[in-house]
Protein chains: 4
Amino acid sequence: MSKAQSSAAAQKTAGTDKREVILTAALDLFRHYGYRRTSMEDIARAAAVAKGTLYLYFKSKDELFEAICRSLAEQVGEGVARAEALDLPLEPKLTALMEAKLGFVYRWILSSPHAAELVDSGSRLSEDVFGEVYDRFYNAVRHLVRGGVASGELDLNAVGLTEEATVDALIAAAYGAEKAPDEKMFHARLTAIIKLTLRGLRA
Amino acid sequence: MSKAQSSAAAQKTAGTDKREVILTAALDLFRHYGYRRTSMEDIARAAAVAKGTLYLYFKSKDELFEAICRSLAEQVGEGVARAEALDLPLEPKLTALMEAKLGFVYRWILSSPHAAELVDSGSRLSEDVFGEVYDRFYNAVRHLVRGGVASGELDLNAVGLTEEATVDALIAAAYGAEKAPDEKMFHARLTAIIKLTLRGLRA
Amino acid sequence: MSKAQSSAAAQKTAGTDKREVILTAALDLFRHYGYRRTSMEDIARAAAVAKGTLYLYFKSKDELFEAICRSLAEQVGEGVARAEALDLPLEPKLTALMEAKLGFVYRWILSSPHAAELVDSGSRLSEDVFGEVYDRFYNAVRHLVRGGVASGELDLNAVGLTEEATVDALIAAAYGAEKAPDEKMFHARLTAIIKLTLRGLRA
Amino acid sequence: MSKAQSSAAAQKTAGTDKREVILTAALDLFRHYGYRRTSMEDIARAAAVAKGTLYLYFKSKDELFEAICRSLAEQVGEGVARAEALDLPLEPKLTALMEAKLGFVYRWILSSPHAAELVDSGSRLSEDVFGEVYDRFYNAVRHLVRGGVASGELDLNAVGLTEEATVDALIAAAYGAEKAPDEKMFHARLTAIIKLTLRGLRA
DNA sequence: GATGAATGAGACTTCATTCAT
DNA sequence: AATGAATGAAGTCTCATTCAT
């Protein structure tokens, strides 16, 4: 590769990188110190750029936060899609789906001591940014339940729930694992909850 | 009763009242506008006292918030104690316990659009303020499970969980109901989750 | 006067004064350095108060400026009213009116090297704040012209102007004096212009 | 013409053009939005060049503004020279001179809603940039007045003014027309003022 | 106890200017 | 010559907290 090419490549990478560097630095700070306790000055320092530079990439602190959410949502979406594509029996597949959705969020947001504030800061974005991902996830679980009923593995009548209520309950119960203090506990609880709730639905 | 006594009593009552008035006004504002969006000025206005007066009762905004948390924790504790005292079969009793703990929190905190921020603001207090209440709640559920196993109604071996893991899972799953958009959904999900998980534990 | 009374009086004066002190300091700085070159920090320093204090009295920098304008407008209005009440022959009375309106503005605004910017900053206020004063002034001049015509001292037909156009022209011509480099020149020009234009209207 | 020459010429033309394009774009923006509300970014965009390019032609925003003033001053100077050369009777010639000086300024600066700020921004330049033009204009009016006196058409003694004071007053009064809300009113007032003041000077 | 005027650190954001490419 | 990403000083405004009365 010629020097010119190398230089051009470096430049492009650098340009692209800077946005990433800022996003990474900001997410890191938000996770450690929370949204309001993290100033644009802090982010600039952590990303090794000037304060003004942040505004070249993001219109405001809020938009910077939104960009982080979009990025995370995108990654969750990809994870869910991958899990959806797996060919597995009911329980492992449900576990894979939950891991993909909840596990990712847990690792990047909920494991932070300021998880709640971050979720709150992003709450107005929830609909726009996370809505689509959630829909995909919800439908995947629903499809799984329907399949389980069709194959006779599950019996919703035994607990007297509609399909929708069942899916709601399954997901809601799994969400409960997110309060875990660390990732190991998170996995243990998630697994236990899935085992319990699925057994509760078995014919 | 002498005039002096009467006056002193009135003053004390007034003083106590004022504290309550402030707490009530503050909780109301926090629920509506969130912690950071609610200024001490707002609270003072809502409580019909001067800003400086707030500092006669609470050292800082954070301590005011902590006092609210303590007050709520106390009420939750009383609710849990009441539920504990009920003489009911396994499922209704577990439901009563969950309602006492989660329902109260849901109604006062989680139903707010700023629930997440409030929880975050109170997160460092969790250990101190809510810890005791949680322990009582946890032990009540544990006692219930132990009773269920002893009576043969539950069989932990069927799902391969220890008693502790089971209690953890039951509580965690129930927590999942807290994401519900309104109280009706909260109840529906909580009931469904308990039904599901308990059925999953039945012998 | 008792100490308490004195103290109370001093307090009241101090409270009232602070607003005045700020207004005075701000006008002074605006006249010397212009609107945009004068920061709120500068004003606070000049008024010997903290930055935040400015916002106790004025919602924003713009409102502070508006308050100055209102105060000046009020004073102009009073001056015009006083001139209106004078019982004088045509020329001295017109001069008195012009002095009251233009002279005051000249002394407080236009003698500043940043007059133009100040006028611009206040231009959106012009209608609201200065409109009423201008109307009073305009009508006073009109009344004077009408009286001169009635008494035969003036003859609008000689220059072929309507009454309205005449008043417009008289006022406009007088405004031209405001570009003077100092107050002495301002008076000289204003007098000369009035003399010239009135002579141009004489029968 | 060799290709190199052609290219150089084109480049030079383009370079010269670019300067004009920038000046034109900037004046337009300044008139619409004012000096401070117009950013170098805005100007660059309007002129379809990069921000850095502005600094190849002008050292700073202030110098860019100064260049605009010089350009306008030059045009005013030419207009005044043309009016000076006209062979007309007193009143029409004075009107032509005033039109050339004041009318041009009115059209390009004063008709803007941000006229005041522009004048202010240019005020420190006044001496240097507009001084020469003003001198020419002033002398032309003076010459006209002197001629009027010599021919017996004007009589300064009637109003008791020196020649200098008379010229000052004539010009100052005419300046008053500049506050007009639109060009039509500007002309009407200017004409009326000239008519009035000249009549005031007639023998 | 009660008040509320005063404080001032600190937050977000803008924009004229520079400089490596 | 031309670019435009990067800079960072400076500005406006907020708000938890203090303290003299």
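Given the structure is predicted, the values throughout are model-derived calculations rather than measurements.
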A/T38 or D/R37, whichever maps to the more 5' nucleotide of DNA chain E | A/T38
Among all residues two or more places apart in sequence or in another chain, which pass the side chain to side chain contact (heavy atoms under 4.5 Å, CB included) test with [X]?
| X | result |
| --- | --- |
| B/A47 | B/V21, B/I22, B/A25, B/V49 |
| A/A67 | A/R19, A/L23, A/F58 |
| A/A73 | A/V129, A/F130, A/V133 |
| A/S39 | A/E41, A/D42 |

Nearest-0.5 Å distance, CZ of residue A/F65 to CG of residue A/L27 = 8.5 Å
Just how far is it from atom CZ of D/R70 to atom CD1 of D/I68, taken to the nearest 0.5 Å?
->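 Nearest 0.5 Å value for the CZ-CD1 distance: 12.5 Å.
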Of C/E41 and B/K61, whose nearest nucleotide on DNA chain F comes first from the 5' end?
-> C/E41
With [X] via side-chain hydrogen bond (donor to acceptor under 3.5 Å, both in side chains) - residues at least two apart:
| X | value |
| --- | --- |
| C/S71 | C/Q75 |
| B/T24 | none |
| A/E74 | none |

Whole-Å distance separating the [atom1] atom of [X] from the [atom2] atom of [N]:
| X | N | atom1 | atom2 | result |
| --- | --- | --- | --- | --- |
| D/F65 | E/dA16 | CZ | C1' | 16 Å |
| A/E63 | E/dC12 | CD | C1' | 14 Å |
| C/M40 | F/dG11 | CE | C1' | 11 Å |
| A/D17 | F/dA6 | CG | C1' | 16 Å |
| D/F58 | F/dA2 | CZ | P | 12 Å |
| A/I22 | F/dA6 | CD1 | C1' | 11 Å |
| A/L64 | E/dT13 | CG | P | 10 Å |

Could you go through the side chain to side chain contact (heavy atoms under 4.5 Å, CB included) check for A/L64 and A/Y57 one step at a time?
-> CA-CA 8 Å; A/L64 169 51; A/Y57 293 91; over 6 Å; no
Return the set of residues passing salt bridge (Lys or Arg N to Asp or Glu O under 4.0 Å) with B/R37 (not counting sequence neighbours), or none when no residue passes.
-> none
For DNA chain E, determine which residues of residues 24-34 of chain D have any heavy atom closer than 4.0 angstrom to one of its atoms, and list them numerically.
->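 Going residue by residue through residues 24-34 of chain D, none turns out to have a heavy atom under 4.0 Å of DNA chain E.
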Pairing annotation in dot-bracket form, given for DNA chain E with Watson-Crick or G-U pairs under 3.5 Å and | for cross-strand partners = .||||||||||||||||||||
With respect to the side chain of C/L56, which nucleotide from E/dA6, E/dC12, E/dA16 is positioned closest?
-> E/dA6
Any side-chain N or O of B/K18 under 4.0 Å from OP1/OP2 of E/dG1?
-> no
Examine F/dA5: is either OP1 or OP2 under 4.0 Å from a nitrogen or oxygen in the side chain of A/Y57? Give yes or no.
->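 Answer is no, no contact under 4.0 Å.
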Proximity to DNA chain F (any heavy atom under 4.0 Å), residues of residues 45-55 of chain D only = D/V49, D/A50, D/K51, D/G52, D/T53
